[in-house]
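Below, chain A is the first sequence line, B the second, and so on; all start at residue 1.
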Number of protein chains: 2
Amino acid sequence: MKVDGIPYRSIWTEGDGRSVRIIDQTKLPHAFETLPLRTLEEAARAIETMQVRGAPCIGATAAYGVCLALAEDSSDEALEAALARLGRTRPTAVNLRWALEEMAAAVRNRPRAERVEAAYARAGAICEEDVEICRRIGAHGLTLIEAAAAKKGGGRVNVLTHCNAGWIACVDWGTALAPLYLAHDKGLDIHVWVDETRPRNQGAALTAWELGAHGVPHSIIVDNAGGHLMQHGEVDLCIVGTDRTTRTGDVANKIGTYLKALAAHDNGVPFYVALPHTTIDWTLRDGFAIPIEERAEAEVTALTGRDADGVVRTVTVSAPGSRARNFGFDVTPARLVTALVTERGIAPASEAGLLSLYPERADG
Amino acid sequence: MKVDGIPYRSIWTEGDGRSVRIIDQTKLPHAFETLPLRTLEEAARAIETMQVRGAPCIGATAAYGVCLALAEDSSDEALEAALARLGRTRPTAVNLRWALEEMAAAVRNRPRAERVEAAYARAGAICEEDVEICRRIGAHGLTLIEAAAAKKGGGRVNVLTHCNAGWIACVDWGTALAPLYLAHDKGLDIHVWVDETRPRNQGAALTAWELGAHGVPHSIIVDNAGGHLMQHGEVDLCIVGTDRTTRTGDVANKIGTYLKALAAHDNGVPFYVALPHTTIDWTLRDGFAIPIEERAEAEVTALTGRDADGVVRTVTVSAPGSRARNFGFDVTPARLVTALVTERGIAPASEAGLLSLYPERADG
C-alpha cells in the first residue's frame, strides 16, 4: 500500500536481491523509518522487539532471516542454528513455525553452493504468496461488507477491529483490513472503529495510521468501548486477524479479542476472523493449548508518544511501586466466531468448516 | 485512609469548618496535592475536570459547592443557580442529583440567615453518612471474600476490579475496595487484578496507588486482559462500583465494565457491584435510559505520565490526524450481575432484590 504516495511493502529486498529492508514499526505512528536487516541476529531481534509484528510479517521476516544466516555460513549447523534462533523469537504466531519449515524444506537437501539462492527464492515466493493470499482474503471479506451495506440500504457500514491485521502486519493488503481497503476503494461508505489495543497500541498507532494514509474513515476508541457501541447498534460487524487458529476454529489473537467476541455474541453482531492458511495450526484441537506469551511489564506501565514539540518521549503512567502483568494474547473459542475468512473463502469456525475449504487436511 | 501515615479523606473542611479542601485526583499518582475549593465555580470545575471523581465523592463535592455558593449569596436565586450549575457538571452519576436534592431540602424553606449553617451541617452529614455507608458495604462484601477464601481452603483470593471505587472515589473506605481493605486488614490472603481503565487510567493511577499505599498486593493489567485471566481460573471474583444503578439492577459504570461482566458470566466467575443507596436511581427501570457522557477525544489520544527525570509530561500516542471517540460509561444488564452489595446487605440484581433491602421504596 502507499505511504505518502509511494508504494511500500512491510518487508522487501533491495535492488541487489539480497539486502533486506523493513519498516520499523516501533517508530510508528510518530515517524516512518525503514531499517536494513543485515544478519540473522538483526532479523531475530527485529521480531523480538516488534520492529516487525503481525503473524504473516513475522513469517516473512523469519524466512529472510534464514537467507541472511546462510549467506554468512551455508553449513548444516548454521542452518539448524538459524532455524532454532528464529523459532525462539515469538511463541504464539504459528506462521513463524510454518515459514521456518518451508525454508528448511527448500534448502536442507541441497548442496551448500545452491542454498543461498534457493533460500532467497523461497523467501521471495513466501512474500508473493502472502500478498496474493491477502488479496483473496480481501475479496472474500468484501462480500461480507457488501452484504452489510445492502442490509442497511446502502447506509454507512460500521466495522470494529482490534489490534493491527493490516498491510504492515502482512507483506501487503492485510488480513482483517484487506476487505476494508477493497470496500473503501469500491466506493462503499464504511467507517472503522479502531480499538487502540493496549498495551502496545497497535490499533491507535498502526491501524489508524494505515487507514488514515489510505483515506478510510475511522475513529480510535479505547478497548473498553466496543461493548457499549455494540449495545447501541453502532457496530455492524467485527473483523479481526489471528496469530494462530486451531483446526477446530479456536482463535488466538491479541489480548482483548475474546472480550469483543463476547460482546458481539451478546448483541447479535457478526464476528469474523480473517486469516491465511499459514495461520492454521492443524495439529491443535484445543485453543487453550496455544502458548500465550507473557511480555515485559513496562509495556503496561509506560507509554511512548510525542510531546507538544514533536519530541518522542516515554512516560510512566501507573502508580509508583505498582507491578504489572502483561499477557500478549487470548483465545476466542470457536463458538463465538461467526465465520473464518481465508484465501479460499468463508466457512464456519469449526473443523468441518475449515475442512470444507482445505479438504486435503482431512487426514490430519 | 492513610497517605504516608497520615489519615485523609477525599474531601474535608478545615479548622474553621467553612474552608473546603480536596485531594487533586488529576495529579495522582505522580504527585499528592490538596487543593482548596473557595467558590461555587471552583467546586463545579473540580467536578468537571475530575479533580474529584467517583459518584459519592462527586455528591459530597456538590454538597459543599452549595455551601460555598450560599456563603457568598444566600438568596433563593443564588441557591437555584448553584443547584443548576452543579447539576450540569456530570450527567451520569446519580449521587450528584441526590446530593443536590438533599441540600435543597435542607436550606430551601429556611430564612436566609440560617441557610449557610444548615448547608454546612447537611454537607458534613452527607460525608459522615457516606463514610458509615462505605464501612457497612465493606463489612457485607467481606463475607464474599471470606466465602471465596474458604472455598479455596484458605488459598489466595484473586479479585478483579475495574476503574476506581476506592476511598478517594468516596469520602473514605470506598465501595468496591472497602471489602478488600477489610479483608486485607483481617489477614486474608488477597491479590487484586487492577484494570488500568483507559482512557483516564483510574485503575493504574488511583486504585493501584490506593492499594499500594495500604499494602494490598495487586497487579496492574490492561483492560484487555481480564477475560484471559478468567478463562484460566486466575480470578475468583470481580467487584466494581457503579455510577448509577436502576431499580431493576442494571448498572452504569466506567466504560468496559460490561465486557468484564460478560467474561465473568462466560466463565462462571461471580460479578459483584458495590454501591450505596444514593447510587440507586429508583425512577429508572431500563439501564439504557441512563445518559452516557461523551468526553473529550484528547483523553484517548494523549496520556500523562512522568519521564525518567520525574517530570510530568503529556504525550500523544495515536496516529497524527486520526480522530477518537470517548464514551465514559457503559451499562451492564442486571442478568450479568451476580449480586449487589449495599450498606444494607447483599441482594440479587433485580427489583425484588433491591426492594428486599429497601422495602420503603416498594411504592415507587
Side-chain angles (χ1 to χ4, degrees), chain A residues 28-30 193-194 196-199 201 204-206 208-209 211-212 218-229 231-232 254-256 258-260 262-263 266 288 292 300-308 312-327 329-331, chain B residues 28-30 193-194 196-199 201 204-206 208-209 211-212 218-229 231-232 254-256 258-260 262-263 266 288 292 300-308 312-327 329-331:
Chain A
L28 289 170
H30 313 299
W193 295 111
V194 179
E196 63 175 351
T197 318
R198 288 279 293 142
N201 284 311
L206 304 180
W209 176 79
L211 292 174
H218 64 282
S219 305
I220 299 168
I221 51 173
V222 294
D223 302 305
N224 284 324
H228 170 73
L229 291 171
Q231 286 178 319
H232 290 269
K254 181 56 52 196
I255 191 88
Y258 165 57
L259 295 171
K260 296 308 150 59
L262 283 168
D266 199 46
F288 292 106
I292 300 298
V300 175
T301 56
L303 279 119
T304 299
R306 53 196 185 282
D307 69 12
V312 174
R313 296 180 183 277
T314 297
V315 295
T316 296
V317 293
S318 57
S322 288
R323 306 296 301 263
R325 297 283 298 276
N326 182 13
F327 307 92
F329 303 89
D330 62 19
V331 173
Chain B
L28 288 170
H30 313 299
W193 295 111
V194 179
E196 63 174 352
T197 317
R198 287 278 293 141
N201 285 309
L206 304 180
W209 175 80
L211 293 173
H218 64 282
S219 305
I220 299 168
I221 51 173
V222 295
D223 302 305
N224 284 324
H228 170 73
L229 291 170
Q231 286 177 319
H232 290 268
K254 182 55 52 195
I255 191 88
Y258 165 57
L259 296 172
K260 295 310 149 59
L262 283 168
D266 199 45
F288 292 106
I292 300 298
V300 175
T301 56
L303 280 119
T304 299
R306 53 194 185 282
D307 69 13
V312 174
R313 296 181 182 277
T314 298
V315 295
T316 296
V317 293
S318 57
S322 287
R323 306 297 300 265
R325 296 284 297 277
N326 182 13
F327 307 92
F329 303 89
D330 62 21
V331 172

Next item on the list: May I ask you to name which of A:Gly226, A:Gly321, A:Pro320, A:Ala302 has the most heavy-atom pairs under 4.5 Å with chain B?
Entry: A:Pro320
Notebook entry, point to check: For the side chain of A:Asn224 and the backbone of B:Arg198, is there at least one donor-acceptor N/O pair under 3.5 Å apart?
Noted result: yes
Note to self: Let's test your reading of the structure: which of B:Tyr258, B:Phe327, B:Trp209 forms the most heavy-atom pairs below 4.5 Å with chain A?
What the structure shows: B:Tyr258
Check: What part of A:Leu229 gets closer than 4.5 Å to chain B, counting heavy atoms only: side chain, backbone, both or neither?
Finding: side chain
Next item on the list: Measure A:Asp223 against the heavy atoms of chain B and call it side chain, backbone, both or neither at under 4.5 Å.
Entry: both
Next item on the list: Could you look at A:Thr316 and say if it's the side chain, the backbone, both or neither that has a heavy atom under 4.5 Å from chain B?
Entry: both
Checklist line | Worked verdict on B:Leu259 versus A:His228 for side chain to side chain contact (heavy atoms under 4.5 Å, CB included) | finding: CA-CA 9 Å; B:Leu259 296 172; A:His228 170 73; over 6 Å; no
Check: Counting heavy-atom pairs under 4.5 Å to chain B, which of A:His30, A:Arg325, A:Gln231, A:His218 comes out on top?
Finding: A:Gln231
Next item on the list: Anything under 30° is parallel, anything over 60° is perpendicular, the rest tilted; go ahead and classify A:His232 against B:Phe288.
Entry: perpendicular
Checklist line | Best-contacting candidate, B:Arg323, B:Lys260, B:Arg313, against chain A by heavy atom pairs under 4.5 angstrom | finding: B:Arg313
Next item on the list: Considering non-hydrogen atoms only, spot the tightest contact between B:Ser322 and A:Ala208 and give its length.
Entry: OG-CB, 3.4 Å
Margin query: Heavy-atom pairs under 4.5 Å with chain A - which of B:Asp307, B:Asp330, B:Asp266, B:Ile221 has more of them than the others?
Written below: B:Asp266
Check: Would B:Ser318 and A:Glu196 count as a side chain to side chain contact (heavy atoms under 4.5 Å, CB included) if you check the C-alpha gap in whole Å, the side-chain angles of each, and the deciding distance to 0.1 Å?
Finding: CA-CA 8 Å; B:Ser318 57; A:Glu196 63 175 351; over 6 Å; no
Checklist line | Shortest non-hydrogen separation from B:Ala225 to A:Ile255 and the atoms involved | finding: CA-CG1, 3.7 Å
Item checked: Nearest atoms (heavy-atom pairs only) where A:Thr304 meets B:Val317 -> O-CG1, 3.5 Å
Next item on the list: Find the distance between CG (B:Leu303) and CG (A:Asn201) and round it off to the nearest 0.5 Å.
Entry: 7.5 Å
Next item on the list: Could you look at A:Ile292 and say if it's the side chain, the backbone, both or neither that has a heavy atom under 4.5 Å from chain B?
Entry: side chain
